[in-house]
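Notes for the one structure printed next.
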Amino acid sequence: QVQLQESGGKTVVPGGSLRLSCAASGPTALRYCMAWFRQSPGNQREGVAKMQRYDAANTNYTDSVVGRFSISEDYARNSFYLQMNDLKPEDSGVYYCAADRWGGPYCHLGAKFHFWGQGTQVTVSS
């Protein structure tokens, strides 16, 4: 079984930066596809970024964060990250990390990930 735990959420001013971390445990083979989602009050959960281990080309972002957010993994630390720069108030929400074992075209933000963290709050406000 895979367990995921987010950290790093906080309140920042617009234009600021944050790095969210997702600490993972359990079989690495079940964490081949990694992603970040977010949800704000009154809105559906939205896929923000996803990556596939060992395939840098299989990385995607939702349009609103392109050029500002970056997803990465530290395999040795069993962690993956979401670096968020130039934050905007509309980036506020609870951020969740997710993982599953698929690769290739099955690793995408519309997939039904089996493993989820509990979420960490990000608030962007002046």
Side-chain angles (χ1 to χ4, degrees):
Q1 187 74 344
V2 171
Q3 293 187 326
L4 304 174
Q5 179 63 60
E6 305 91 341
S7 63
K10 60 189 290 186
T11 298
V12 295
V13 297
S17 297
L18 274 180
R19 188 176 83 154
L20 304 182
S21 300
C22 182
S25 62
T28 57
L30 296 181
R31 303 184 259 127
Y32 199 66
C33 179
M34 294 157 277
W36 288 93
F37 291 77
R38 67 186 179 189
Q39 188 168 21
S40 56
N43 293 315
Q44 291 187 335
R45 188 169 58 195
E46 172 190 29
V48 175
K50 68 90 177 172
M51 65 173 290
Q52 177 183 313
R53 185 176 298 134
Y54 306 135
D55 187 357
N58 197 351
T59 300
N60 297 99
Y61 301 90
T62 192
D63 287 347
S64 63
V65 307
V66 170
R68 300 189 297 121
F69 289 15
S70 178
I71 186 171
S72 63
E73 182 193 20
D74 186 335
Y75 183 81
R77 293 180 182 272
N78 283 314
S79 297
F80 61 100
Y81 307 97
L82 185 68
Q83 177 66 44
M84 306 186 292
N85 299 325
D86 190 22
L87 283 160
K88 306 176 186 299
E90 53 264 38
D91 294 319
S92 298
V94 179
Y95 281 70
Y96 301 90
C97 60
D100 218 303
R101 62 180 176 86
W102 327 284
Y106 303 102
C107 177
H108 61 87
L109 288 172
K112 292 184 179 180
F113 287 81
H114 285 90
F115 306 112
W116 292 85
Q118 296 296 310
T120 186
Q121 177 71 45
V122 173
T123 302
V124 184
S125 174
S126 56

Next item on the list: Kindly compute the distance separating CH2 (W116) from SG (C22), expressed to the nearest 0.5 Å.
Entry: 11.0 Å
Notebook entry, point to check: Are V94 and T120 side-chain neighbours, meaning at least one heavy-atom pair lies under 4.5 Å?
Noted result: no
Check: Under 3.5 Å, side chain of T123 to main-chain N/O of S92, donor-acceptor pair present?
Finding: no
Next item on the list: Could you tell me the separation between the CD atom of E73 and the OG atom of S79, rounded to the nearest 0.5 Å?
Entry: 9.0 Å
Notebook entry, point to check: Under 3.5 Å, is there a donor-acceptor pair between the side chain of Q52 and the main chain of G104?
Noted result: yes
Notebook entry, point to check: Salt bridge check: are K88 and D86 linked by an N-O gap of less than 4.0 Å?
Noted result: yes
Check: Would S17 and N85 count as having a side-chain donor-acceptor pair, cut-off 3.5 Å?
Finding: yes
Next item on the list: Check whether more than 12 heavy atoms from other residues, nucleotides or ligands sit under 6.0 Å from atom CD of E90, and answer yes or no.
Entry: yes
Checklist line | Evaluation steps, side-chain contact (heavy atoms from CB on, under 4.5 Å), between Y81 and D74 | finding: CA-CA 8 Å; Y81 307 97; D74 186 335; 3.7 Å; yes
Note to self: Can you give me the closest heavy-atom contact between F37 and A98, atom names plus distance?
What the structure shows: CE1-CB, 4.0 Å
Item checked: Y61 to S70 - nearest heavy-atom pair and separation -> OH-CA, 3.3 Å
Check: What pairs meet the side chain to side chain donor-acceptor pair (under 3.5 Å) rule with one or both residues in residues 21-39, with sequence neighbours excluded?
Finding: R31-N78, R38-E46, R38-S64, R38-D91, R38-Y95
Anything under 3.5 Å between a donor and an acceptor, one on a side chain of residues 6-14, the other on a protein residue two or more places apart or in another chain? List them.
| from | atom 1 | to | atom 2 | distance (Å) |
| --- | --- | --- | --- | --- |
| E6 | OE1 | Q118 | N | 3.0 |
| E6 | OE1 | G119 | N | 2.8 |
| E6 | OE2 | C97 | N | 2.9 |
| E6 | OE2 | G119 | N | 3.1 |

Item checked: Minimum heavy-atom distance between L82 and A49, given as atom pair plus value -> CD1-CB, 4.0 Å
Notebook entry, point to check: Are M84 and R19 close enough, and set up right, to give a side-chain contact (heavy atoms from CB on, under 4.5 Å), and what steps lead you there?
Noted result: CA-CA 6 Å; M84 306 186 292; R19 188 176 83 154; over 6 Å; no
Check: Does any non-hydrogen side-chain atom of Y75 lie less than 4.5 Å from one of R53?
Finding: yes
Margin query: Which heavy atom of Y96 sits nearest to which heavy atom of G117, and what is that distance?
Written below: CD2-O, 3.7 Å
Note to self: Considering only residues two or more places apart or on different chains, which pairs with a residue in residues 98-113 satisfy side chain to side chain donor-acceptor pair (under 3.5 Å)?
What the structure shows: D100-H114
Note to self: Set out, in order, the CA-CA distance, both residues' side-chain angles and the distance that settles side-chain contact (heavy atoms from CB on, under 4.5 Å) for L4 and F113, then state yes or no.
What the structure shows: CA-CA 12 Å; L4 304 174; F113 287 81; over 6 Å; no
Notebook entry, point to check: Under a single-linkage definition using a 4.5 Å side-chain heavy-atom cutoff for Ile, Leu, Val, Met, Phe, Trp and Tyr, are Y54 and M51 assigned to the same hydrophobic cluster?
Noted result: no
Margin query: Using every non-hydrogen atom in the two residues, find where G47 and T62 come nearest and quote the distance to one decimal.
Written below: O-CB, 3.4 Å
